[in-house]
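See structure below.
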Protein chains: 2
Amino acid sequence: MKKKITSNAFDYIKGRILNFSFLPGVKISDEEIAKIFGTSRSPIREALNRLVEQGLVEYRTNRGFTVKVFTRKEVADLYILREALECLAVRLTTQSIDDGHGVESLENLLSTYPAIMESQDIARFNEIDERFHDLIALYSNNSALHGALQNLHGKIRIIRRYDHLRIGSFQNTYEEHQLILKHIVSKNVEEAVRLMSLHILKSMKLVLPIVPEQS
Amino acid sequence: MKKKITSNAFDYIKGRILNFSFLPGVKISDEEIAKIFGTSRSPIREALNRLVEQGLVEYRTNRGFTVKVFTRKEVADLYILREALECLAVRLTTQSIDDGHGVESLENLLSTYPAIMESQDIARFNEIDERFHDLIALYSNNSALHGALQNLHGKIRIIRRYDHLRIGSFQNTYEEHQLILKHIVSKNVEEAVRLMSLHILKSMKLVLPIVPEQS
DNA sequence: GTCAACATTATTGTCGACAAAATGAAAAAG
DNA sequence: CTTTTTCATTTTGTCGACAATAATGTTGAC
């Protein structure tokens with residue numbers, strides 16, 4: 001088995017960005033990462049270039065790499081795009097879900113919500129929340145869509161950091177997910193899509209005011 | 001003025017992929033590109049890693065970089081995603097188009113179609129075709145959406161290579177674009193969206209059979 | 001002639017070094 | 001004191017080299 005430093009570094013840096021260990025705006029020094037990995041800077045730079053293209057990292061010539069900072073406008077744009085994509089995912093998934101164990105997976109996931117809500121573990125709850133949406137994207141059986149949504153979720157995760165009041169909306173999210181799934185299972189496409197749209201837009205309204213106005 | 005080899009190489013390689021000078025499946029040797037640029041391989045590799053993340057180039061460990069080959073399923077997925085995004089773009093653009101010179105630009109563009117149709121210049125026609133869609137994405141005033149669509153168009157361009165019968169459909173495309181714009185201008189959102197959807201799906205039906213079945 | 005084992009060559013991944021550019025600190029000018 | 005200039009330090013972009021891996025070619029057994 002090989003090392004493939006680039007790929008490891010990619011995961012490592014992305015991980016630290018997504019769990020807020022690297023905060024928006026901070027510099028990511030290739031030299032430092034290289035030291036951490038005990039390697040040279042070349043593979044680290046390759047990883048960073050990948051992350052730039054993924055939209056999580058920003059780069060300015062002769063000035064290095066920083067974690068991307070999103071303006072409020074950008075966040076709104078992301079959510080509007082996300083709404084369209086999630087609705088498409090619901091549409092496609094509803095059509096094709098019986099061809100597999102998709103319903104099962106989703107219902108299993110839903111059944112784990114209460115325990116986690118009980119525990120008040122925000123990070124964990126956000127994880128399964130994201131997983132719910134990811135599963136729907138997955139069962140849409142459209143890899144381009146799935147990829148696009150994963151990319152969006154990454155960016156939105158960075159933003160969600162500001163969003164700590166979410167404890168109150170756990171119950172809400174749970175109920176909405178349940179209802180969406182119910183309509184997916186019963187092939188009620190239009191209603192499922194309508195609910196998903198509301199679900200995303202509601203989330204946007206919660207998040208937007210918390211994002212700092214300017215970069 | 002700086003050089004920024006990475007960025008130049010990125011544009012150069014992407015350009016050659018998009019104008020079919022690098023065909024799907026062929027190896028892109030970093031060493032060769034480095035020779036062309038008269039530089040070392042490091043900045044070339046950084047550029048290639050960016051292109052990998054953009055989905056135009058594929059990478060396998062210890063085996064180098066190749067131009068991405070799309071399967072027919074992937075192409076179908078791309079078009080379905082594209083339909084959703086283009087429709088969203090039409091929706092947003094219709095709402096906001098009077099706040100600028102958007103209509104003008106689009107009408108100007110449309111007015112250049114006949115001459116190019118006359119000339120039978122396929123490449124040039126595909127260019128303005130793409131430009132029409134890009135302008136709509138631009139005037140949607142949603143940078144996330146615009147970016148996602150640009151990315152999609154890049155991938156679809158690779159596929160379009162197989163599509164050489166398009167001369168016949170010039171007239172068709174022209175009329176459809178005219179009609180779509182007309183409904184955008186007159187704020188007839190739903191009809192504009194409906195027509196755009198048909199426009200994309202028709203294109204998909206044309207392209208799909210031409211894509212080689214398997215990778 | 002086919003095929004496996006081995007040897008040769010080419011390619012890929014990573015390294016350490018260094019010049020150019022930016023940053024920050026100190027000195028000079030106002 | 002501020003502002004500007006100069007200089008030292010750090011960071012960034014690129015290079016050329018090399019070991020590890022894969023691709024290719026050669027040989028000989030069957």
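Residue numbering restarts at 1 for every chain, and letters A, B, ... go by the order of the sequence lines. Predicted model only: the values in this text are computed from it and were never measured.
- Atom NZ of A:Lys4 and atom C1' of C:dC15 are 14 Å apart (whole Å).
- Following rounding to the nearest Å, B:Ile33 (CD1) and C:dT12 (C1') show an atom-to-atom distance of 15 Å.
- In this structure, A:Lys68 is positioned above the aromatic face of A:Phe70, its NZ or CZ under 6.0 Å from the six-membered ring centre and within 45° of the axis.
- Using a cut-off of 4.0 Å between Lys/Arg side-chain N and Asp/Glu carboxylate O, B:Asp134 and B:Arg131 are scored as salt-bridged.
- Heavy atoms of B:Tyr59 sit under 4.0 angstrom from primed sugar atoms or phosphate atoms, though from no base atom.
- Atom C1' of nucleotide C:dT12 and atom CD1 of B:Ile44 are separated by 15 Å, given to the nearest angstrom.
- B:Thr6 has a side-chain polar atom (N or O) that falls below the 4.0 Å cut-off from OP1 or OP2 of D:dT14.
- Atom NZ of A:Lys35 and atom C1' of D:dT12 are 14 Å apart (whole Å).
- The side chain of A:Ser29 lies closest to D:dT12, out of D:dT12, C:dT12, D:dC15.
- Taking only side-chain nitrogens and oxygens, B:Ser40 never comes nearer than 4.0 Å to OP1 or OP2 of D:dT14.
- In this structure, the CD atom of B:Glu31 is 10 Å from the P atom of C:dA10, given to the nearest Å.
- Atom CG in B:Asp30 sits about 14 Å away from atom C1' in D:dT21, given to the nearest Å.
- The pair B:Arg63-B:Glu58 does not count as a salt bridge, with every side-chain nitrogen at least 4.0 angstrom from each carboxylate oxygen.
- Atom P of nucleotide D:dT10 and atom CG of A:Asn62 are separated by 18 Å, given to the nearest angstrom.
- Checking B:Arg41 against B:Glu46, the closest nucleotide of DNA chain D that is more toward the 5' end is the one next to B:Glu46.
- Applying the 4.0 Å criterion to OP1 and OP2 of D:dT11, one finds that A:Lys27 has every side-chain N and O outside that range.
- With sequence neighbours excluded, the residues satisfying salt bridge (Lys or Arg N to Asp or Glu O under 4.0 Å) with B:Asp77 are B:Lys73.
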Which pairs of donor and acceptor atoms, one on a side chain in residues 109-118 of chain B, lie under 3.5 Å apart (sequence neighbours left out)?
residue  : atom : partner  : partner atom : Å
B:Ser111 : OG   : B:Asn108 : O            : 2.6
B:Thr112 : OG1  : B:Leu109 : O            : 2.6
B:Tyr113 : OH   : B:His177 : ND1          : 2.7

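- Look at CG on B:Leu48: it is 15 Å from P on C:dT11, rounded to the nearest Å.
- Using a 4.0 Å heavy-atom distance criterion, B:Thr39 is classed as a sugar-phosphate-only contact.
- Residue-to-nucleotide proximity on DNA chain C shows that, of A:Gly38 and A:Arg63, the 5′-proximal contact is made by A:Gly38.
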